[in-house]
Chemist: 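Once you've had a glance at the structure underneath, I'll fire off some questions.
The figures here come from the full heavy-atom set of this structure, side chains too, leaving out hydrogens, waters and symmetry mates. None of these values were measured; they are calculated from a predicted model.
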Amino acid sequence: MEWWWIGHLRDRGIDALIHEQGQVVSRAQLLAAGWPEHRIRRPLRNRRWRTIHPGVYVTHTGPIGYGERLLAALLYAGPEAAWSHYTAAEQLGLLKPDANRPVFVTIPERRKILQRPGVVIHRDEHWAARLAAISPPRRTPADAVLDIVGITPSMDQAAAVIAEACQSGRVAPADILSSLTDRPRLRHRHKLRPIITDVVAGSHSLLEIRYLRDVERRHGLPRGQRQRAVDHEFTDVFYSGFGLVVELDGRLHLVPRQRWRDLDRDNRATLRAEATLRYGWFDVTNRACEAAVQVLQVLRRTNPFLTATPCCPTCAVADLRNISAV
């Protein structure tokens, strides 16, 4: 297979290619440009160039940045290689970049190359069918998401990746579901469809998914409206007909400006005659039953006969006699 950079080298020349690659260049590129071996060895011997990986060099003596590491790993992996997993997701705008992560690269199943520090090599028999139509080569958005899901140790981590990727607007849940059909052996495969369904319903974060599952659905509460647009912003959960807003925030706000935004949002809800309950990560993951009780109490202001379902014998919702409208 022809290298993805061959056309650019032919049209622009080696100097332009090196410049656009952030001063990273491979031995294969130099040879393709007609450089003899002694010309390649000279700047390495003089220490004007440094070796990042075997056959991949940086043509300056300063620090090697994250972008340079990304390209160097791809060049090291050979012509049939593509960014995958977290690296592809970052480059596609699905996830926020993290320079502390290794570079993830996938190659065809038939090839084998040595692992390198800071580079994670995966092999895939369906390599060609999962490439995005973009250069440098990378997985499609849906396949990048499923790559990550396949190496995550927990369903919470898998759900967080799916939610963040879909929230970016650069991949649709339907695309992930479509790609899922081609991965019968994927880790967590049978548990992903409900998560993707929750994302389609409007859950934009892992905390929102956990609230929907552990607080609302598990206790038989009415289904709230996700991401309602009001006052030029979005509310996490709105219980139409009950005048209740639930805001979910997994961050600990120590910044006064952000704290003011939260208070201002709550105040504007009050001006709309809406009650606001605000929950964080600990509330939803460790006190889901107590949160369900509080939600039910507010909902009962409108419908005193509304009931909920205890999730277990010790659930706080079980003793409905002690849960009166307030």
Chemist: Hey, could you give me the CH2/CG distance between Trp281 and Asp249, rounded to the nearest 0.5 Å?
Modeler: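 If we round to the nearest 0.5 Å, Trp281:CH2 and Asp249:CG are 12.5 Å apart.
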
Chemist: Has Ser178 got a side-chain atom pairing as donor or acceptor with Ala174's backbone, closer than 3.5 angstrom?
Modeler: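 Not at all, since once roles are kept as given, no pair shorter than 3.5 Å links the two residues.
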
Chemist: With respect to Leu244, which candidate in Leu277, Thr302, Thr276 satisfies the side chain to side chain contact (heavy atoms under 4.5 Å, CB included) definition?
Modeler: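 Among Leu277, Thr302, Thr276, the one that satisfies the side chain to side chain contact (heavy atoms under 4.5 Å, CB included) with Leu244 is Leu277.
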
Chemist: State the CD-CG distance between Glu164 and Leu94, to the nearest 0.5 angstrom.
Modeler: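 Output value for this atom pair is 9.0 Å.
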
Chemist: Can you tell if the side chain of Tyr239 reaches within under 4.5 Å of the side chain of Glu216, non-hydrogen atoms only?
Modeler: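 Of all side-chain heavy-atom pairs linking Glu216 with Tyr239, at least one is under 4.5 Å.
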
Chemist: Sub-3.5 Å donor-acceptor pair from the side chain of Asp231 to the main-chain atoms of Glu233, do we have one?
Modeler: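 The answer is no, because no donor-acceptor pair under 3.5 Å joins these two groups.
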
Chemist: Under a 3.5 Å distance rule, please check whether Arg300 uses its side chain to pair with a backbone N or O of Leu306 as donor and acceptor.
Modeler: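 Looks like yes, one N/O pair under 3.5 Å.
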
Chemist: I'd like to know if Leu206 and Ile196 are part of one continuous hydrophobic network [Ile/Leu/Val/Met/Phe/Trp/Tyr, side-chain heavy atoms within less than 4.5 Å].
Modeler: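 Ile196 and Leu206: separate clusters.
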
Chemist: Examine distances only and state if a side-chain atom of Arg69 and a backbone atom of Ala99 form a donor-acceptor pair shorter than 3.5 Å.
Modeler: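 Checked: pair present.
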
Chemist: Are Arg189 and Leu180 close enough that some pair of their side-chain heavy atoms sits under 4.5 Å apart?
Modeler: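 Of all side-chain heavy-atom pairs linking Leu180 with Arg189, at least one is under 4.5 Å.
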
Chemist: What distance do Gln167 atom CD and Ser203 atom OG have between them, rounded to the nearest 0.5 Å?
Modeler: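 These two atoms lie 10.5 Å from each other.
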
Chemist: Can you check salt bridge (charged side-chain N to carboxylate O under 4.0 Å, His left out) on Asp147 and Arg183, steps first, answer last?
Modeler: CA-CA 10 Å; Asp147 283 343; Arg183 299 209 183 193; 3.0 Å; yes

Chemist: Starting from Val171, can I reach Ile151 by hopping between I/L/V/M/F/W/Y residues whose side chains sit under 4.5 Å apart?
Modeler: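 The answer is yes; both residues are in one hydrophobic cluster.
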
Chemist: Any pair with a residue in residues 192-210 that passes salt bridge (Lys or Arg N to Asp or Glu O under 4.0 Å), sequence neighbours left out, goes on the list, sorted by first then second residue, please.
Modeler: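 For residues 192-210: Asp156-Arg210, Asp198-Arg217, Arg210-Asp214.
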
Chemist: Are there more than 12 heavy atoms of other residues, nucleotides or ligands under 6.0 Å from atom CZ of Arg101?
Modeler: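 Yes.
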
Chemist: Less than 4.5 Å apart, side chain to side chain, heavy atoms only: is that true for Arg116 and Pro54?
Modeler: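 A side-chain contact under 4.5 Å exists here.
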
Chemist: Cut-off 3.5 Å, side chains only: do Gln29 and Tyr57 have a donor facing an acceptor?
Modeler: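 No pair is found: no donor N or O on one side chain lies under 3.5 Å from an acceptor on the other.
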
Chemist: Is Ile14 close to Val25 at the side-chain level, that is, under 4.5 Å between some pair of heavy atoms?
Modeler: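 Yes - at least one pair of side-chain heavy atoms lies under 4.5 Å apart.
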
Chemist: Show the nearest heavy-atom pair for residues Pro97 and Glu90, with the distance to one decimal.
Modeler: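 So the minimum-distance heavy-atom pair works out to CA-CD, 3.6 Å.
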
Chemist: From Thr181 OG1 over to Ile176 CD1, what is the distance, rounded to the nearest 0.5 angstrom?
Modeler: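 It comes to 12.5 Å.
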
Chemist: Check for a donor-acceptor pair, side chain of Ser84 on one end and backbone N or O of Arg139 on the other, with a separation under 3.5 Å.
Modeler: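 Between the backbone of Arg139 and the side chain of Ser84 there is no qualifying donor-acceptor contact (under 3.5 Å).
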
Chemist: Tell me who clusters with Val245, hydrophobic residues only, linked when side chains sit under 4.5 Å apart either directly or through other members.
Modeler: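 Members besides Val245, by chain and number: Phe238.
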
Chemist: Classify the ring geometry between Tyr279 and Tyr211 as parallel (under 30°), tilted (30 to 60°) or perpendicular (over 60°).
Modeler: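 Because their plane-to-plane angle is under 30°, the rings of Tyr279 and Tyr211 count as parallel.
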
Chemist: In the structure I gave you, are the side-chain heavy atoms of His188 and Ile195 within less than 4.5 Å of one another anywhere?
Modeler: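 No; the side chains remain at least 4.5 Å from each other.
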
Chemist: Would you say the side chain of Cys311 lies within less than 4.5 Å of the side chain of Arg218, judging by non-hydrogen atoms?
Modeler: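 Yes, side chains in contact.
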
Chemist: Measure up the His53 and Tyr76 rings against each other and bin them: parallel (under 30°), tilted (30 to 60°), perpendicular (over 60°).
Modeler: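 Judged by the thresholds at 30° and 60°, the geometry between His53 and Tyr76 is tilted.
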
Chemist: Distance from Asp182 atom CG to Leu146 atom CG, nearest 0.5 Å?
Modeler: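 CG of Leu146 is found 9.5 Å from CG of Asp182.
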
Chemist: Are Asp143 and Arg138 within salt-bridge range, i.e. N to O under 4.0 Å?
Modeler: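 Salt bridge: no.
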
Chemist: Evaluate salt bridge (charged side-chain N to carboxylate O under 4.0 Å, His left out) for Glu68 paired with Arg50, printing each intermediate quantity in order.
Modeler: CA-CA 12 Å; Glu68 295 164 322; Arg50 288 174 292 163; over 6 Å; no

Chemist: Hey, could you give me the CD/CH2 distance between Gln91 and Trp83, rounded to the nearest 0.5 Å?
Modeler: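 The CD atom of Gln91 sits 5.0 Å away from the CH2 atom of Trp83.
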
Chemist: Does Arg111 have more than 12 heavy atoms from other residues, nucleotides or ligands lying within 6.0 Å of its CZ?
Modeler: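 Atom CZ in Arg111 is packed in, count exceeds 12.
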
Chemist: Between the side chain of His19 and the main-chain N/O of Asp15, is any donor-acceptor distance below 3.5 Å?
Modeler: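 No, His19 side chain to Asp15 backbone: no donor-acceptor pair under 3.5 Å.
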
Chemist: I need the minimum non-hydrogen distance between Gly224 and Val237, along with the two atoms involved.
Modeler: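 The answer is CA-CG1, 3.8 Å.
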
Chemist: With sequence neighbours left out, what residues match Glu109 under side chain to side chain contact (heavy atoms under 4.5 Å, CB included)?
Modeler: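 Applying side chain to side chain contact (heavy atoms under 4.5 Å, CB included) to Glu109 gives Arg123, Glu125.
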
